[in-house]
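A short write-up of the structure that comes next.
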Amino acid sequence: MMKTVTVQYFAAYREAVGHAEEQVETTAATADALFEQLQAMHPSLERFEAMRVAINDAMAGWPDAIADGDTVLVFPPVAGG
Amino acid sequence: MMKTVTVQYFAAYREAVGHAEEQVETTAATADALFEQLQAMHPSLERFEAMRVAINDAMAGWPDAIADGDTVLVFPPVAGG
Amino acid sequence: MVITADAIDPVACYAQLQDHSCGACVTFEGWVRNHQDGREVRSLEYEVYHPLAVSEGERVIAEARARHPVTHALCVHREGHLELGDLAVWVGVSSPHRDESFLAARMVIDQIKVRLPIWKKEHYLDGDSGWVNCERCANHGHAHS
Amino acid sequence: MVITADAIDPVACYAQLQDHSCGACVTFEGWVRNHQDGREVRSLEYEVYHPLAVSEGERVIAEARARHPVTHALCVHREGHLELGDLAVWVGVSSPHRDESFLAARMVIDQIKVRLPIWKKEHYLDGDSGWVNCERCANHGHAHS
């Protein structure tokens with residue numbers, strides 16, 4: 001089923017992609033499948049073990065489902081402190 | 001052999017004995033034996049496992065020897081911090 | 001959990017920990033250091049995603065308090081441009097006895113560093129700059145302060 | 001190692017830890033607490049035997065630095081009369097990375113409390129007062145902050 005989600009990129013990912021936000025049409029069932037599609041769209045988007053995802057401003061897991069209208073935040077490895 | 005040592009008492013021991021310093025004539029070979037003599041002189045002087053001794057301004061052990069003219073510091077259990 | 005673009009005032013933060021029922025106070029400060037993995041650092045930027053940095057920071061503090069019962073626990077993190085020696089993160093804890101304060105402070109900073117959506121870009125003395133990967137990042141594993 | 005009859009100024013102490021090679025700073029403060037073993041405390045006195053408190057304190061700091069290499073490590077302890085909330089002891093450490101600072105600060109305060117010739121007399125709200133035995137004292141074993 002085709003969904004439209006808003007994807008937001010941060011820090012190194014924003015610089016790799018070249019913009020902070022985009023609308024993406026996708027059939028991906030999970031955040032992880034969506035990330036694969038994003039990598040196909042942006043070959044510079046590197047996969048890291050420590051990358052994280054949030055859906056609608058809540059921390060989520062990569063196997064979590066995504067729904068039409070979701071905002072998906074793609075976080076490269078964090079480095080606070 | 002009879003020796004003369006200066007004994008200094010601190011905190012709870014000073015209050016138990018009633019003064020901070022005294023000259024003591026002793027035949028005690030060690031600090032521990034001297035403490036037994038001090039307890040005989042001052043029954044209020046309580047033995048604690050955590051009590052410590054210093055000889056001539058250096059931390060010492062209770063089995064350490066004492067010599068004529070030494071200054072022996074008798075420390076009740078410490079409680080810094 | 002506070003995220004601020006202004007310089008952190010550790011004295012003002014510390015005042016919030018004071019409590020006559022507490023005999024112990026532990027603070028941790030993260031400072032901008034002049035070297036990282038053998039490179040000389042000139043300055044850095046923190047990028048923070050506020051909504052989740054605050055909520056995840058509050059969760060970290062609540063978890064630390066649940067495991068190590070302390071009376072007060074606070075954390076403040078900078079965002080924006082920082083110079084060498086600047087205070088990047090402040091963690092402060094107070095409790096009746098010291099064991100809980102040490103353990104809670106350590107747990108808070110350890111978790112803050114790996115869980116909050118905060119990213120650090122280092123500017124090097126040689127003119128180069130780069131995003132720092134987190135300390136548990138498998139691809140570029142190395143220890144930070 | 002500093003023993004002082006004046007109020008400890010944590011900001012002045014802290015300034016001595018600052019160093020651009022350090023990314024971490026841990027401080028421990030011991031405060032006068034309003035309760036001890038179920039009794040309400042009003043104030044206290046510290047008695048210190050200076051020559052050995054200073055030399056033993058320097059030894060404690062040197063041992064902590066040998067085990068946990070840190071860049072700066074300082075300890076200041078009060079003597080005399082202290083009121084509730086007063087700063088009784090301050091330990092501060094800075095190092096490139098945080099692990100060493102946490103471990104050294106903890107080791108310094110743990111050893112300061114059991115090794116330095118410092119005694120604490122508590123004045124209780126009920127008018128009574130008494131010398132506190134050290135936290136490892138077998139006769140009256142109990143934990144302090």
Side-chain angles (χ1 to χ4, degrees), chain C residues 9-12 14-15 17-37 40-44 71 82-110 112-113 120 135 142-145, chain D residues 9-12 14-15 17-37 40-44 71 83-110 112-113 120 132 135 142-145:
Chain C
D9 177 356
V11 177
Y14 162 87
L17 302 176
Q18 290 169 350
D19 192 311
H20 284 182
S21 74
C22 292
C25 171
V26 172
T27 66
F28 170 81
E29 296 190 4
W31 297 339
V32 178
R33 194 179 51 207
N34 62 11
H35 60 98
Q36 178 62 40
D37 294 325
E40 291 184 278
V41 174
R42 181 165 53 81
S43 65
L44 55 80
T71 308
L82 280 79
E83 300 289 339
L84 294 187
D86 281 357
L87 179 47
V89 57
W90 183 92
V91 175
V93 176
S94 61
S95 55
H97 301 276
R98 72 184 180 285
D99 205 40
E100 291 77 8
S101 276
F102 270 106
L103 293 171
R106 183 66 197 257
M107 184 171 161
V108 167
I109 186 59
D110 285 356
I112 290 289
K113 282 175 173 263
K120 176 160 61 179
E135 58 188 73
H142 50 233
H144 294 264
S145 72
Chain D
D9 177 356
V11 177
Y14 163 85
L17 302 176
Q18 290 171 350
D19 192 310
H20 284 182
S21 73
C22 291
C25 171
V26 172
T27 66
F28 169 81
E29 296 192 4
W31 297 339
V32 178
R33 194 179 50 205
N34 62 10
H35 61 96
Q36 180 62 41
D37 294 327
E40 290 183 279
V41 174
R42 182 166 52 83
S43 65
L44 55 79
T71 309
E83 300 288 340
L84 295 187
D86 281 357
L87 180 48
V89 56
W90 183 91
V91 175
V93 177
S94 60
S95 55
H97 301 276
R98 74 184 178 285
D99 205 40
E100 290 77 8
S101 276
F102 269 106
L103 293 170
R106 184 65 197 258
M107 184 172 162
V108 168
I109 185 60
D110 286 355
I112 289 290
K113 281 175 173 264
K120 176 159 62 177
V132 175
E135 58 187 72
H142 50 231
H144 295 265
S145 72

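Within every chain, numbering begins at 1; the chains are lettered A, B, ... in the order of the sequence lines, protein sequences first and strands thereafter.
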Quiz item: Any idea which heavy atoms bring C:E83 and C:V32 closest together, and the distance?
Solution: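 For C:E83 versus C:V32, the nearest heavy atoms are O-CB, 3.3 Å.
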Heavy-atom distance under 4.5 Å to chain D: side chain of [X], backbone, both or neither?
X: C:V26; value: both
X: C:L17; value: both
X: C:A105; value: both

Exercise. Go through the side-chain N and O atoms of C:S94 and C:T71 and say whether any donor and acceptor fall under 3.5 Å apart.
Key: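 Note: C:S94 and C:T71 side chains miss the donor-acceptor criterion.
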Quiz item: Can you tell which of C:P10, C:G92, C:G85, C:C22 has the highest number of heavy-atom pairs within less than 4.5 Å of chain D?
Solution: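 Winner by heavy-atom pair count: C:C22.
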Practice problem: May I ask you to test the D:V93-D:F28 pair for a side-chain heavy-atom distance under 4.5 Å? | Solution: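 Sidechains of D:F28 and D:V93: no contact.
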Quiz item: Has D:E40 got more than 12 heavy atoms of other residues, nucleotides or ligands less than 6.0 Å from its CD?
Solution: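 No - once you tally the heavy atoms of other residues, nucleotides and ligands closer than 6.0 Å, there are 12 at most.
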